[in-house]
Amino acid sequence: MRASRLLLSTVRETPAEAETISHKLMLRAGMIRKLAAGIYTWLPLGLRVLRRVEAIVREEMDRAGAQEVLMPAVQPAELWQESGRWDVYGPELLRLQDRHRRDFCFGPTHEEVITDLIRREIKSYRQLPANFYQIQMKFRDEIRPRFGVMRAREFLMKDAYSFHVDQASLKETYDVMYDTYSRIFRRVGLAFRPVAADTGAIGGSASHEFHVLADSGEDAIALCNACDYAANVELATALPPFGKRAAPTAAMEPVATPGQHTIEEVSRFLKVDPKRTLKTLLVRGTGGVVALVLRGDHELNPIKAEKLAHVAKPLEFVTPGEVEAVAHCEPGSIGPAGLAIQVIADESAARLADFVCGANKDGQHLRNVNWGRDLPEPEVADIRNVIAGDPCPGNEGKCNGTLEIRRGIEVGHIFQLGTKYSEAMQATVLDDAGRTVVMPMGCYGIGVSRVVAAAIEQNHDDNGIIWSDAIAPFQVALVPIGYHKSQAVRTAAEELYHTLTGAGFDVLFDDRNERPGVMFADLDLIGIPHRLVLGDKGLAKGTAEYKGRRDEKARDIALANVTTELFQALRLID
RNA sequence: CGGGGUGUAGCUCAGCCUGGUAGAGCACUUGCUUCGGGAGCAAGGGGCCGGAGGUUCAAAUCCUCUCACCCCGACCA
């Protein structure tokens with residue numbers, strides 16, 4: 001492609017709206033333009049990248065035996081009412097009405113549509129297992145779209161749904177998808193980690209997220225430094241502390257802490273390590289208010305807490321008024337001692353001795369408090385987020401490694417759905433014994449447009465984007481110096497352009513009447529991985545100049561060897 | 001949804017406090033020069049100052065409403 005014919009809308013100045021690197025660079029490189037909050041147009045350059053990611057996804061899904069379909073973006077409310085999600089989904093679901101005032105939604109996902117299709121089309125276990133995928137625009141009306149296409153409302157997604165006669169078959173396909181996803185992200189050229197994830201409201205037995213590791217990621221992930229344990233912090237388990245609780249050494253005593261509310265304030269005021277304090281959170285329970293007790297330096301994990309029998313779902317904190325009624329104090333002075341309600345303590349909190357906690361009296365805390373002596377032994381559970389330095393729970397708890405917390409961008413998610421949708425929508429087949437069985441399902445998503453942003457987030461420098469060969473909008477940039485001045489350069493460049501194109505390279509031929517500096521800056525910004533420069537000086541010697549996007553310096557190569565050298569650079573031959 | 005901020009040329013922004021002929025840089029057009037890392041000079045084109053209403057002799061500027069966009073928050077314990 002000739003650069004003079006391409007809408008190369010690069011901009012030098014950073015648009016004010018962009019915050020993350022990928023967002024800035026995608027705008028500056030002329031890949032995307034915003035139309036409304038979380039809604040973007042893909043310009044030719046950006047679309048080329050998107051299409052390359054799509055192509056890899058498509059190839060690998062096909063290789064894994066999945067079949068491509070294309071389902072409607074707009075879906076009738078009836079299906080969502082049948083699955084029960086019309087009322088559950090909330091404002092994230094973009095609802096519309098047609099001219100007959102019938103309800104529809106713009107699909108944020110397609111479980112209902114595919115389940116409806118398959119219950120009509122598949123009748124026998126002989127047709128199973130079957131896996132269907134599509135690559136299509138989704139719409140989710142996010143509370144706060146941000147970071148460009150990273151968290152957009154309209155976004156391109158590959159979603160796949162598998163159907164099975166039994167759980168074993170589902171597990172088999174799930175494993176295939178796990179491997180397929182790993183292949184896809186490896187081919188795209190991303191540093192990623194599969195991470196055990198919460199199955200959320202959907203239930204089911206297994207779920208993995210695929211995260212691109214990047215500091216700007218919105219998710220926190222716990223990784224082990226010794227084994228391959230990796231879990232979303234929402235799910236990561238904390239091993240109970242080693243050893244036994246120490247014996248009390250001092251008598252409990254009240255201590256005045258006027259105006260000290262937060263753990264930070266109280267521990268600084270009393271000159272005590274936050275690790276030796278307790279915080280007490282009052283939440284709604286299934287039978288009245290429940291107290292959740294954590295060590296001062298730990299955070300509540302709402303997902304873990306919600307799963308406890310005593311705790312109401314969804315997790316909800318009580319109002320300050322209720323705090324007053326139950327604990328007779330402000331929220332900043334609650335403590336488990338003397339509370340006449342269910343107390344659930346995190347494992348680390350239950351292990352403390354001689355700790356500090358609220359006295360249930362404004363401006364007062366207690367010190368040298370001890371479970372069993374000063375208050376009853378609590379019910380114990382894992383209800384906290386893991387933190388860096390926690391022992392790894394991997395290898396049945398025998399890993400001996402330590403967890404670290406990293407940020408990740410979720411680019412893929414696979415899970416075993418089970419029969420939630422097939423049951424609600426009566427998607428059944430006859431098995432080999434002629435019995436009607438509800439089909440277990442799996443579902444597998446990849447945020448295709450998000451992958452593009454994640455790739456930039458992970459691969460860029462001060463000059464711009466650095467694409468991997470696999471998803472670059474063009475493989476090679478051909479830059480003639482003095483194209484509009486020198487007949488020799490023009491002739492040689494045209495010739496080389498034809499040679500390279502003929503050899504199958506995807507070439508961006510910069511035939512614009514621009515100064516070299518402008519061309520170099522543009523090509524670096526848009527991240528073309530390989531660059532060839534032709535000039536009078538080199539031509540006289542019979543050489544062109546080659547520079548990889550990550551290379552410090554360019555080097556001369558003989559014109560006759562350009563094709564071979566490029567094949568090598570792209571690792572198409574050894 | 002709550003709080004804060006911003007809307008002025010295609011982009012980044014000044015002007016607003018203290019009302020009086022709408023600006024700069026970049027981008028764009030033309031010419032000349034320049035030509036290996038975002039050139040120089042000259043001449044140009046381009047604005048319902050987000051929208052509506054109000055105050056005033058006079059509003060980008062003051063007031064009210066409204067819309068859009070951006071940021072933060074939704075865990076004091």
Side-chain angles (χ1 to χ4, degrees), chain A residues 8-20 23-24 27-28 30 33-39 90-91 141 143-148 257 259-267 274 277-283 289-296 298-302 305 315-320 322-324 326-327 329-336 339 349 356-362 364-365 383-385 462-464 479-486 489 510 512-526 531 533-538 544-545 547 553-554 556:
Chain A
L8 198 56
S9 290
T10 54
V11 287
R12 198 180 317 187
E13 284 174 282
T14 304
E17 70 193 55
E19 223 192 333
T20 52
H23 190 190
K24 285 177 188 167
L27 288 169
R28 285 193 51 209
R33 289 290 180 259
K34 185 175 71 178
L35 183 62
I39 300 178
D141 201 352
I143 304 179
R144 226 182 113 193
R146 56 183 142 175
F147 308 147
T257 50
Q260 314 297 313
H261 300 292
T262 65
I263 287 293
E264 203 180 311
E265 287 164 359
V266 170
S267 50
T277 68
L278 289 189
K279 63 169 107 173
T280 308
L281 286 63
L282 300 186
V283 301
V289 176
V290 173
L292 302 178
V293 180
L294 295 161
R295 216 169 71 183
H298 286 153
E299 276 185 359
L300 178 68
N301 179 317
L315 186 82
E316 220 179 317
F317 288 86
V318 303
T319 62
E322 290 167 284
V323 170
E324 177 69 39
V326 171
C329 66
E330 294 178 314
S333 292
I334 313 172
L339 281 186
V356 168
C357 66
N360 298 319
K361 202 184 275 185
D362 285 347
Q364 259 196 37
H365 282 71
I383 53 171
R384 70 175 175 98
N385 284 337
D462 291 345
N463 293 328
V479 189
I481 303 290
Y483 178 86
H484 296 264
K485 283 282 154 61
S486 160
V489 168
D510 202 341
R512 296 176 298 169
N513 190 7
E514 288 287 357
R515 299 161 58 83
V518 173
M519 295 193 282
F520 292 149
D522 273 347
L523 295 170
D524 281 351
L525 175 60
I526 67 177
R531 188 182 79 188
V533 178
L534 281 185
D536 274 321
K537 275 176 268 176
E545 182 189 282
K547 181 178 173 298
K553 280 190 188 155
D556 287 342

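A note on names: the letters A, B, ... follow the listed sequences, proteins ahead of strands, and every chain is numbered from 1. Small disclaimer: the values here were computed from a predicted structure and weren't measured.
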Item to check | Euclidean distance, atom CD1 of residue Ile481(A) to atom P of G38(B) [Å, nearest integer] | outcome: 12 Å
Checklist entry - Within a radius of less than 6.0 Å around CD of Glu324(A), do more than 12 heavy atoms belonging to other residues, nucleotides or ligands occur? => result yes
Item to check | Distance between C1' atoms of G37(B) and C32(B) (Å, rounded) | outcome: 24 Å
Checklist entry - Tell me: CG of Asp362(A) to C1' of C76(B), nearest whole Å? => result 13 Å
Next on the checklist: Tell me whether the side-chain N or O atoms of Arg515(A) pair up with the base of U34(B) as donor and acceptor below 3.5 Å, since no angle test is needed here.
Outcome noted: yes
Next on the checklist: Does atom NZ (Lys361(A)) have a neighbourhood of more than 12 heavy atoms from anything else shown, all under 6.0 Å?
Outcome noted: no
Checklist entry - Is Arg531(A) side chain donor-acceptor paired with the G37(B) base, going by distance under 3.5 Å alone? => result yes
Checklist entry - How many angstroms lie between NZ in Lys279(A) and SG in Cys357(A), if you round to the nearest 0.5 Å? => result 14.0 Å
Next on the checklist: Base, sugar-phosphate or nothing for Thr14(A)? Non-hydrogen atoms, less than 4.0 Å.
Outcome noted: sugar-phosphate
Next on the checklist: Roughly how many Å apart are U55(B) and C62(B), using the C1' atom of each and rounding to a whole number?
Outcome noted: 8 Å
Next on the checklist: OP1 or OP2 of C70(B) versus the side-chain N and O atoms of Lys34(A): is any pair under 4.0 Å?
Outcome noted: yes
Checklist entry - Taking any strand in view, what nucleotide pairs with U34(B) in a Watson-Crick or G-U wobble way, both distances under 3.5 Å? => result none
Item to check | Gap in Å between the two P atoms, one belonging to G20(B) and one to C75(B), rounded | outcome: 48 Å
Item to check | Spacing of Glu322(A) atom CD relative to C75(B) atom P, expressed in whole Å | outcome: 16 Å
Item to check | Sugar-phosphate only, base, or nothing, as touched by Leu525(A) at under 4.0 Å among non-hydrogen atoms | outcome: base
Checklist entry - Can you tell me the Watson-Crick or wobble partner of U56(B), both distances under 3.5 angstrom? => result none
Checklist entry - What distance, rounded to whole Å, do you find between the two P atoms, one in A14(B) and one in G50(B)? => result 13 Å
Next on the checklist: Let me spell it out: for each of Gly335(A) and Arg12(A), pick the nucleotide of RNA chain B with the closest heavy atom. Which residue's pick is nearer the 5' end?
Outcome noted: Arg12(A)
Checklist outcome for this item: Whichever of Ile334(A) and Phe520(A) has the more 5' nearest nucleotide on RNA chain B, that residue is Phe520(A)
Item to check | Integer angstrom distance from the P of G23(B) to that of C49(B) | outcome: 14 Å
Checklist entry - Which part of the nucleic acid does Arg28(A) contact within heavy-atom distance under 4.0 Å: base, sugar-phosphate only, or nothing? => result base
Checklist outcome for this item: Atom CD1 of Ile143(A) and atom P of A74(B) are separated, to the nearest Å, by 12 Å
Next on the checklist: Quiz question: going by heavy-atom distance under 3.5 Å, is there a donor-acceptor pair between the base of G73(B) and the side chain of Arg146(A)?
Outcome noted: no
Item to check | Base G37(B) to side chain Asn463(A), donor-acceptor N/O within 3.5 Å cut-off | outcome: no
Item to check | Any donor-acceptor N/O pair under 3.5 Å between G38(B) base and Glu514(A) side chain | outcome: no
Checklist entry - Is there a Watson-Crick or G-U wobble partner for G2(B) with both distances under 3.5 Å, and if so, which one is it? => result C72(B)
Checklist outcome for this item: Separation of A27(B) atom P from Leu8(A) atom CG, nearest Å, is 15 Å
